[in-house]
Amino acid sequence: MKVAVDTSMCIGSGTCALTAPAVFDQDDEEAVVVLLDDSPPETEYEAVLLAVGRCPAAVIQIVPG
Ligand code: SF4
């Protein structure tokens with residue numbers, strides 16, 4: 001699994017960081033998503049997929065590779 005984020009679309013809700021904190025964080029100033037791990041281990045897949053579904057702005061993408 002490869003993960004990508006379009007930070008220009010992020011509204012800073014923080015759902016991703018709560019759902020998959022090993023993969024997503026937020027910056028301290030504007031709360032924009034910070035991708036901590038663009039190739040997370042299989043143990044994180046379920047949490048990442050939940051975060052994709054819960055992101056209110058469709059910021060998080062699963063990309064091939
Ligand atoms: S859940 Fe989506 S909109 Fe909210 S901080 Fe994460 S990437 Fe941004």
Side-chain angles (χ1 to χ4, degrees):
M1 173 188 281
K2 290 279 284 181
V3 182
V5 294
D6 181 351
T7 55
S8 70
M9 293 172 48
C10 178
I11 60 171
S13 69
T15 311
C16 56
L18 290 172
T19 306
V23 179
F24 304 104
D25 197 358
Q26 293 174 273
D27 83 27
D28 290 335
E29 291 181 6
E30 297 182 19
V32 171
V33 63
V34 175
L35 184 59
L36 299 175
D37 186 353
D38 68 358
S39 300
E42 274 191 48
T43 51
E44 292 295 324
Y45 284 10
E46 184 176 352
V48 170
L49 292 172
L50 276 175
V52 170
R54 291 176 178 172
C55 174
V59 171
I60 307 164
Q61 307 290 327
I62 305 299
V63 294

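Source: prediction; values computed, not measured. Any value given below was found using the heavy atoms of this structure, including those in side chains, with hydrogens, waters and symmetry copies removed. Whatever order the structure lists ligands and atoms in, that order sets their numbers, starting from 1.
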Quiz item: Considering only heavy atoms of T15, which atoms of ligand 1 have at least one such atom less than 4.0 Å away?
Solution: 1 (S)
Quiz item: Does L36 share a hydrophobic cluster with V5, counting links as ILVMFWY side-chain heavy atoms below 4.5 Å and allowing steps through other members?
Solution: no
Exercise. For ligand 1, note which part of V59 has a heavy atom under 4.0 Å away: side chain, backbone, both or neither.
Key: side chain
Exercise. Report yes or no: does C16 have an N/O/S atom closer than 2.8 Å to atom 6 (Fe) of ligand 1?
Key: yes
Quiz item: What atoms of ligand 1 come within less than 4.0 Å of a heavy atom belonging to C55?
Solution: 1 (S), 2 (Fe), 3 (S), 7 (S)
Self-check item: Numbered atoms and elements of ligand 1 in range of G14, under 4.0 angstrom, heavy atoms
Solution: 4 (Fe), 5 (S)
Practice problem: Mind checking the CE-CG spacing from M1 to D38? Nearest 0.5 Å is all I need. | Solution: 12.0 Å
Practice problem: Give the atoms of ligand 1, by number and element, whose distance to some non-hydrogen atom of S13 is under 4.0 Å. | Solution: 1 (S), 3 (S), 4 (Fe), 5 (S)
Self-check item: Heavy-atom closest contact (D37 atom, A22 atom, distance)
Solution: CB-O, 4.2 Å
Quiz item: Roughly how far, to the nearest 0.5 Å, is OG1 of T15 from CD of Q26?
Solution: 8.5 Å
Exercise. Please write down residue, atom name and distance for the protein heavy atom closest to atom 8 (Fe) of ligand 1.
Key: C10 SG, 2.3 Å
Self-check item: ligand 1 contact by V5, heavy-atom criterion under 4.0 angstrom
Solution: no
Practice problem: Please answer: with hydrophobic residues joined when any side-chain heavy atoms are less than 4.5 Å apart, are V3 and Y45 in the same cluster? | Solution: yes
Quiz item: What atoms in ligand 1 come closer than 4.0 Å to a heavy atom of I11?
Solution: 3 (S)
Quiz item: Measuring from M9:CE to I60:CD1, what's the distance to the nearest 0.5 Å?
Solution: 10.5 Å
Self-check item: CZ on F24 to CG on L35, rounded to 0.5 Å
Solution: 6.0 Å
